[in-house]
Amino acid sequence: MAIQPRTLKGFRDTLPQDMKPRRAMLQTIEGTFARHGFAPLDTPALEYAEILTGKYGDEGDKLLYRFADHGERQVALRYDLTVPLARVVAQHRGALPSPLRRYHIASVWRADKPQRGRFREFMQCDVDIVGATGPLADAEVLSTGLSVLADLGVTGACIHLNHRGLLSALLSHAGIAEPRMQLHALRAVDKWDKVGEPGVRRELAKIDDLPAGAPDRLLQALETVADTPEATLDALEALLGEVTAIDRLREVLALLAAAGHAGGVTIDPTIARGLDYYTGVIYETRLTDAKVANMGAVMSGGRYDELIGMFGKEQVPAVGISLGLDRLLAALRELGLVAEASQGADAFVTVFNAAGRLDAMAVAAELRAAGVATEVATLEGKLGKQFKRADRRGCKVALVVGPDDRDAGQVVVKDLRRGAQHKVARGELAAAVSDILRQG
RNA sequence: GUGGGUGUAGCUCAGUCGGUAGAGCACUGGUUUGUGGUACCAGAAGUCGCGGGUUCAAGCCCCGUCACCCACCCCA
């Protein structure tokens, strides 16, 4: 009985042709993180379930992959990289610098129902600053995120910036005080970008016992959007009075502008964020192209000053941002912005006949020593077949060492893209091949 | 968890009024054996997701089921 080859729902194989652009993205991201002064950290995929539960809210808890291991321990796959970081900080406080700037690039798992741009296993790229409460840390993290997008060549992206304190002020302004009502109201508000003002109004109408006039006051405030982020904040302040959250947002905007990131950020009071642990600034990044605008956020995060304290006696402030690599890649692919990379080697060494195997291996070794990505024909047979194979997989140069060539101490170097070929002495082989490759 | 859509060759899909299977790409071989891309010829490849029902006859109609996709919810 044959075993049917298949993958779990929401889990995917990444084939070589897809790995190349993915690796390139990862390399860029890691470089940008390092350039912004973040150091790498890694943690286990599996945690004690109690570490993770209760940190993300009810919705999050439902999406945790959890099970009992062989020793009957309750364990869970990490749901994000933030809670594991909080655990690490609480556990290794003495061994870590403060403030801690770490980046973490790793897979996370969520038992979500898969859909477009949503997977059960996906890679997150996080930077966080632990141990600093001020606006500089917020701005550093956001600045790094914006730099990453720029370095990846993502143009149509916008960070929607908000603050939990601003949301609270909005809710009290609207007269919504009871926690359950606040939760529902926030949930309604969060849908703004999808259903618009009428939709949010409809959602608000569903909440029991909402004070009369609350929806109007809330919606009026939410529509306070001016031409510039700064003007939006001014308008909100005029409506709500003095709110420390507004001052904080103003500072962050100024700091980002000083870093050259003035564009790319907007104030959006409808950003709510479902994750429970956020306490200060919060943000989501959306792609502006309509084709992928509904794919959801590609880079989000915020300040979480009370999460680490849940693991110990010490309250440690932190702020971070998380880029969803797989979703971003999927979106860029849909927009046709991912180059279909040729896969594999640049040079292909043919094997003339059984006696020529030794020559092929020797030639390949020379090229590899010179840094040329080289493949030896592992399926022998007619030369024509081998050339065809070399061409199919996008090799740029083919090498032939026939009996005559060997006697003459030469190698045939063929430029597959132009069709030209010539014989070179063995000693000049690497130079000749590099020459062709350099012609692009 | 709720709603919608789709399941036919490795991939993308066509398949009319029900009459038991097709294309393109990919793959293999060939067009006289030291040369690929283009062209031409040939070949291999399908329990039509699975189970049941209606019918002389089902890829097509009906019921069930599973899987995948999309949307809601939530999120990266």
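The structure displayed is predicted, hence computed values, not measured ones. Residue numbers start from 1 in every chain, and the chains themselves are labelled A, B, ... in the order their sequence lines are given, proteins ahead of strands.
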Nucleotide B/C74, atom P - distance to CZ of A/R286 in whole Å
13 Å
Look through every strand shown and name the nucleotide pairing with B/G36 as Watson-Crick or G-U wobble, where both distances are under 3.5 Å.
none
If we take the P atom in both B/G59 and B/G52, what is their distance in whole Å?
14 Å
For the P atoms, the ones on B/U20 and on B/C60, what distance do you get once it is rounded to whole angstrom?
13 Å
CH2 of A/W109 versus P of B/C74: gap in Å, rounded?
25 Å
Please determine if A/K55 and A/D276 form a salt bridge, counting it only when a charged side-chain N lies under 4.0 Å from a carboxylate O.
no
For nucleotides 68-72 of chain B, which of its nitrogen or oxygen atoms have a protein nitrogen or oxygen under 3.5 Å away, and what is each distance?
residue, atom, partner, partner atom, Å
B/C68, OP2, A/K9, NZ, 2.7
B/C70, OP1, A/R116, N, 3.0
B/C70, OP2, A/R116, N, 2.6
B/A71, OP1, A/N294, ND2, 3.3
B/A71, OP2, A/Q115, OE1, 3.4
B/C72, OP1, A/K194, NZ, 3.3

Paired with B/A76 by Watson-Crick or G-U wobble geometry, both distances under 3.5 Å: which nucleotide is it?
none
Quick one: A/R327 CZ to B/C74 C1', roughly how many Å, whole number?
10 Å
Expressed in whole Å, how much space separates the P atoms belonging to B/U47 and B/G10?
8 Å
Find the distance A/D61:CG to B/C74:P and express it as a whole number of Å.
16 Å
How close or far is atom P of B/C11 from atom CG of A/D13, stated in whole angstroms?
13 Å
Is A/M25 close to A/L328 at the side-chain level, that is, under 4.5 Å between some pair of heavy atoms?
yes
If every non-hydrogen atom of A/D112 is compared with every non-hydrogen atom of A/R120, which pair is closest and at what distance?
O-NE, 2.5 Å
If we take the C1' atom in both B/C69 and B/A57, what is their distance in whole Å?
34 Å
Residues A/R438, A/D435: salt bridge by 4.0 Å N-O rule
yes
Phosphate contact (B/C74 OP1 or OP2) by A/R187 side-chain N/O below 4.0 Å
yes
B/C68 pairs with which nucleotide, Watson-Crick or G-U wobble, both distances below 3.5 Å?
B/G5
Look at the side chain of A/D391 and the base of B/G37, then say whether one donor and one acceptor between them are separated by less than 3.5 Å.
no
Checking all strands, does A/M123 fall into the base, sugar-phosphate, or nothing category for heavy-atom contacts under 4.0 angstrom?
nothing
NA contact type, A/A390, heavy-atom cut-off 4.0 Å: base, sugar-phosphate, or nothing?
nothing
Quick one: A/I29 CD1 to B/A76 C1', roughly how many Å, whole number?
12 Å
Is the closest side-chain donor-acceptor distance between A/D80 and A/Y277 under 3.5 Å?
yes
To the nearest angstrom, the CZ-P distance between A/R389 and B/C27 comes to 10 Å
P spacing across the pair B/G19 / B/G64, given as an integer number of angstrom:
25 Å
Gap in Å between the two P atoms, one belonging to B/C50 and one to B/U32, rounded
45 Å
Mind checking if A/G419 touches a base, just sugar-phosphate, or nothing, with heavy atoms under 4.0 Å?
base
Is the shortest heavy-atom distance from the side chain of A/L85 to the side chain of A/Y304 under 4.5 Å?
yes
Close side-chain approach of A/I129 and A/F38, heavy atoms under 4.5 Å
yes
A/L332 has an atom CG; how far is it from atom P of B/A76, in whole Å?
18 Å
Residues, nucleotides or ligands: over 12 heavy atoms within 6.0 Å of A/R12 CZ
yes
Would you indicate whether A/R23, at its atom CZ, is surrounded by more than 12 heavy atoms from other residues, nucleotides or ligands within a distance under 6.0 Å?
no
C1' atom, B/C63 versus B/A58: distance in rounded Å?
15 Å
Taking the P atom of each, how far is B/U16 from B/U6, in whole Å?
15 Å
Side chain to side chain, A/R368 and A/V376, heavy atoms closer than 4.5 Å:
yes
To the nearest 0.5 angstrom, please state how far the CG atom of A/L81 sits from the OG1 atom of A/T43.
6.5 Å
Polar-atom pairs under 3.5 Å, protein N or O versus N or O of nucleotides 32-35 of chain B: list them with distances, or write none.
residue, atom, partner, partner atom, Å
B/G34, O6, A/D404, OD2, 3.0
B/G34, N1, A/D405, OD2, 2.9
B/G34, N2, A/D405, OD2, 3.2
B/U35, O2, A/K414, NZ, 2.7
B/U35, O2, A/Q421, OE1, 3.2
B/U35, N3, A/Q421, OE1, 2.8
B/U35, O4, A/Q421, NE2, 3.3

Most 5' of A/K388 and A/Y56 on RNA chain B, judged by nearest nucleotide
A/K388
Could you tell me which nucleotide pairs with B/G24 by Watson-Crick or G-U wobble geometry, both distances under 3.5 Å, or answer none if nothing does?
B/C11
Write down the partner of B/G46 under the Watson-Crick or G-U wobble criteria, each distance required to be under 3.5 Å.
none
